[in-house]
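Notes follow once the structure below has been shown.
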2 protein chains.
Amino acid sequence: MSGEVNIKRLAQELNLSIATVSKALNDSYEISLKTKTRVLTLAKELNYTPNPAASNLRSNKTKTIAVIIPNIANNFFSLAIKGIEEIARQYGYHVLIYQTHEDIEMEMLFTNSLLNGRVDGILTSVSSNEYNNDYYRDLVKKIPLVFFDRVYESLDAFKITTDDYQISFNATEHLIECGCTQISYLYGLEKLPAGRTRFAGYKDALAAHGISIDENLILHYQPEENENVANIINLFQSHKPDAIFSSIEEFAIPAYLACRELKLKIPDDVKIISFSNLSSAKLLNPSLTTITQPAFEIGIEAAKCLFKILTKRGIGDDQNIVLKSVLIKRESTGC
Amino acid sequence: MSGEVNIKRLAQELNLSIATVSKALNDSYEISLKTKTRVLTLAKELNYTPNPAASNLRSNKTKTIAVIIPNIANNFFSLAIKGIEEIARQYGYHVLIYQTHEDIEMEMLFTNSLLNGRVDGILTSVSSNEYNNDYYRDLVKKIPLVFFDRVYESLDAFKITTDDYQISFNATEHLIECGCTQISYLYGLEKLPAGRTRFAGYKDALAAHGISIDENLILHYQPEENENVANIINLFQSHKPDAIFSSIEEFAIPAYLACRELKLKIPDDVKIISFSNLSSAKLLNPSLTTITQPAFEIGIEAAKCLFKILTKRGIGDDQNIVLKSVLIKRESTGC
DNA sequence: TTAAAACCCGAAAACGTTTACGTAATTAAA
DNA sequence: TTTAATTACGTAAACGTTTTCGGGTTTTAA
């Protein structure tokens with residue numbers, strides 16, 4: 001009935017010491033089965049739940065992890081979060097979310113604010129605007145941290161990535177096999193390994209088929225969507241690519257819009273392929289050939305990896321998990 | 001250099017008491033400007049950040065809110081979270097995420113686990129599988145809570161919703177004006193006000209135009225996507241709707257797939273309209289006429305509302321904010 | 001029968017803050 | 001000049017746990 005229900009209250013009503021109640025709740029071997037059940041039943045009856053702040057303060061464990069990502073409203077990241085959340089749930093952990101808007105200052109601000117014991121560990125997919133290796137080299141010593149998708153490659157840290165190079169190579173080859181030679185590359189994540197590796201796969205595939213690379217066919221991502229559409233239109237008008245390889249999902253819709261604007265037929269006039277987790281890719285006009293990353297699974301694996309570290313189990317395994325993306329061929333490459 | 005940096009450490013190095021340092025950090029009027037700056041500079045120098053657990057424990061404030069939603073990987077909810085996170089950032093709050101998978105048991109489990117002082121407030125969009133008014137009637141007395149989109153209508157609580165009735169009415173009218181009379185309704189969220197209201201808008205629009213409602217044209221949502229496709233196909237075969245009104249985004253792609261399967265031409269054979277936040281709606285084949293909810297703004301408003309409560313400002317204003325959805329007419333209704 | 005081990009529980013300190021209260025020094029009011 | 005008010009800081013308790021240590025009782029082994 002009365003005020004807050006805490007350990008002291010339980011102890012009083014059961015004529016036990018605070019210590020005993022606490023140990024009973026934590027299933028300590030020091031407590032007899034009989035008193036354990038007494039405590040548990042009263043706890044349930046009074047709807048007792050331990051005060052997390054007190055618990056954290058004393059034990060230095062928070063049962064909380066943080067996820068730091070550039071943008072929540074993105075198919076890839078929201079799927080990854082979904083995976084992370086589900087694993088966290090299994091382990092009884094809570095999940096904090098921070099979005100950086102691709103701003104490394106924010107990223108560091110958030111991360112620093114987590115170092116005082118607010119969380120037990122961090123999952124992060126770093127922002128693309130700047131590459132700050134030094135900061136993260138220090139950071140990984142201070143707190144359990146797992147990178148996913150957007151990682152710092154040279155760092156000795158836990159990383160979950162995908163086979164960006166191979167899948168980009170394959171995708172480019174697919175375009176070549178469809179008869180394309182003037183393959184425009186829409187370049188995203190340039191400052192990150194993921195972006196560089198995708199580009200390398202593209203380049204090497206061209207080279208492997210004796211196609212020389214044309215710098216004029218490479219377009220760099222701009223944060224404002226309108227600019228990208230305009231740039232793609234420009235690209236079409238100045239040079240005449242017969243295919244587009246979009247290295248990030250954000251380029252896919254602008255590419256379609258540009259084609260529509262110029263009345264170019266996909267895939268007859270130009271073939272399009274894009275990294276993407278759009279659930280509606282198969283219903284686009286025409287359906288879009290995609291490189292789809294296993295976003296959900298990446299979240300799962302990243303979270304599992306972190307919990308391995310937190311529970312001190314299975315450390316020493318390879319720190320680098322690489323998952324396979326899948327190339328889904330549809331009408332936009334039409335062959 | 002040495003171990004952890006906390007208030008005690010600062011106090012020692014500055015020859016001040018712990019209390020003084022704490023007050024200085026919290027900008028108390030009791031402390032002179034001189035010592036304040038001394039404290040602040042050393043704090044910055046040593047990279048001091050207060051231990052949140054200790055702070056929470058003593059002050060009963062966590063600077064944390066929780067967001068409870070059915071599913072993160074959903075355009076509407078990820079946009080809403082994005083809005084919530086941005087506002088939380090402005091207020092210096094942290095955001096916990098929980099997904100219920102439309103399971104009311106989980107929903108209650110999560111919520112209960114937040115009542116012991118883990119968060120200062122909750123934002124929730126309730127699960128659709130069951131309607132548990134009693135639970136929430138008690139809950140809103142225990143903790144600041146704001147419902148968004150999926151609300152409990154009869155509750156005296158803060159609610160952020162959209163004009164579901166009006167926009168459904170308008171959308172149905174749009175179909176009627178396009179010449180449709182056999183308008184199938186794909187029914188989602190049946191147990192929630194949002195779902196019921198959308199249906200009411202549909203029904204009333206039919207009535208307003210002298211069209212009698214045909215129960216056979218109403219299809220209820222099934223959790224497994226395949227079932228929905230099959231059901232829609234069935235519906236087409238048994239009755240011959242000339243339009244589909246999809247009341248939730250989850251029905252949109254199945255509807256398209258069913259049409260594709262049956263080789264029905266959209267919008268010639270059948271017109272389609274759907275509630276949706278798909279960014280690619282305009283690029284579908286054909287582009288999809290949508291009722292688009294202001295998901296991001298809903299998140300913004302919900303968070304603002306919660307922070308109003310938490311800062312005790314502006315309470316007494318209307319507890320019910322209704323935002324406008326927008327009907328975006330595209331090719332799938334073709335007129 | 002006795003020593004050792006096992007079992008069960010309690011007292012009290014500790015985690016790092018915040019805050020009510022007390023106090024000395026200074027300033028303003030009478 | 002005396003008194004009251006203001007300013008600036010310190011003491012210590014409190015928040016609700018966890019955990020170390022110790023002790024008493026019962027069981028087991030020798």
Side-chain angles (χ1 to χ4, degrees), chain A residues 2-40 42-43 46-64 92 94 113-120, chain B residues 2-40 42-43 46-64 92 94 113-120:
Chain A
S2 68
E4 301 313 306
V5 34
N6 51 26
I7 281 198
K8 191 192 291 182
R9 166 93 177 276
L10 294 180
Q12 282 174 348
E13 302 215 2
L14 292 168
N15 264 326
L16 287 171
S17 77
I18 289 181
T20 303
V21 174
S22 172
K23 289 175 190 167
L25 292 170
N26 292 312
D27 201 29
S28 161
Y29 70 96
E30 298 182 48
I31 306 300
S32 71
L33 188 63
K34 196 173 143 192
T35 43
K36 270 183 192 170
T37 54
R38 280 183 68 211
V39 171
L40 268 312
L42 183 64
L46 297 184
N47 230 318
Y48 167 80
T49 51
N51 180 301
S55 180
N56 299 349
L57 178 58
R58 181 57 226 251
S59 67
N60 266 326
K61 309 222 167 301
T62 64
K63 284 271 182 183
T64 306
H94 303 258
S113 80
L114 298 172
L115 295 179
N116 50 20
R118 186 175 289 277
V119 298
D120 295 344
Chain B
S2 66
E4 301 312 308
V5 34
N6 51 25
I7 280 196
K8 191 191 291 181
R9 167 95 177 276
L10 294 180
Q12 283 173 349
E13 303 214 3
L14 292 169
N15 263 325
L16 288 171
S17 76
I18 291 182
T20 303
V21 173
S22 172
K23 289 174 191 168
L25 291 169
N26 290 312
D27 200 29
S28 161
Y29 69 96
E30 298 182 46
I31 306 300
S32 71
L33 188 63
K34 196 174 143 190
T35 41
K36 270 183 193 172
T37 55
R38 281 182 67 211
V39 172
L40 268 312
L42 182 64
L46 298 184
N47 230 319
Y48 166 80
T49 51
N51 179 300
S55 181
N56 298 350
L57 178 58
R58 180 56 226 250
S59 67
N60 266 325
K61 309 224 167 299
T62 64
K63 284 266 179 189
T64 305
H94 303 258
S113 80
L114 298 173
L115 295 179
N116 50 19
R118 186 175 290 276
V119 298
D120 295 344

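Not measured: the values here are computed from a predicted model. Each chain gets a letter, A, B and so on, in the order its sequence line appears, and its residues count up from 1.
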_For a 4.0 angstrom threshold against heavy atoms of chain B, report the outermost contacting nucleotides of DNA chain D in 5' to 3' order._
D/dA8 to D/dG16

*Tell me: CG of B/Asn6 to C1' of C/dT18, nearest whole Å?*
14 Å

*For the atom pair CG (B/Leu16) and OG1 (B/Thr35), what is the distance rounded to the nearest 0.5 Å?*
6.5 Å

*Closer to the 5' end of DNA chain C via nearest nucleotide, is it A/Lys36 or B/Ser59?*
A/Lys36

*Could B/Lys36 and B/Asp27 be called an ion pair, given the rule that one side-chain N must be under 4.0 Å from one carboxylate O?*
yes

_Intermediate values then yes/no, side chain to side chain donor-acceptor pair (under 3.5 Å), A/Asp120 and A/Thr62_ = CA-CA 6 Å; A/Asp120 295 344; A/Thr62 64; 2.8 Å; yes

*Respond yes when some side-chain nitrogen or oxygen of A/Tyr29 is under 4.0 Å from OP1 or OP2 of C/dC9, and no when none is.*
no

*For A/Leu33, does its backbone N or O pair with a side-chain atom of A/Thr37 as donor and acceptor, under 3.5 Å?*
yes

*Report the distance from atom CD of B/Glu30 to atom P of C/dT23, rounded to the nearest whole Å.*
15 Å

*Can you sort out the partners of A/Ser22 under side-chain hydrogen bond (donor to acceptor under 3.5 Å, both in side chains), two or more places apart, ordered by chain and number?*
none

_Distance, rounded to the nearest Å, where B/Lys63 contributes NZ and C/dT18 contributes P_ = 12 Å

_At 4.0 Å (heavy atoms only), tell me whether A/Asn56 reaches a base, stays on the sugar-phosphate, or touches nothing._
nothing

*Rounded off to whole Å, could you give me the CG-to-P distance for the B/Leu57 and C/dT17 pair?*
12 Å

*Determine: side-chain N/O of A/Ser32 to OP1/OP2 of C/dC9, distance under 4.0 Å, yes or no.*
yes

*Could you state the atom-to-atom distance from NZ of A/Lys8 to P of C/dA12 in whole Å?*
15 Å

*Under 4.5 Å between any side-chain heavy atoms of B/Arg118 and A/Thr64, yes or no?*
yes

*Mind listing the residues from residues 11-18 of chain B sitting with a heavy atom below 4.0 Å of DNA chain D? Number order is fine.*
B/Asn15, B/Leu16, B/Ser17

*Is the shortest heavy-atom distance from the side chain of A/Asn56 to the side chain of B/Asn56 under 4.5 Å?*
no

_Looking at A/Lys8, is its backbone amide N or carbonyl O close enough to the side chain of A/Asn6 to form a donor-acceptor pair, meaning the two atoms are under 3.5 Å apart?_
yes

*Hey, are the side chains of A/Ser113 and B/His94 touching, using non-hydrogen atoms and a 4.5 Å cut-off?*
yes

*Please report, rounded to the nearest Å, how far the C1' atom of C/dC9 is from the CG atom of A/Leu33.*
15 Å

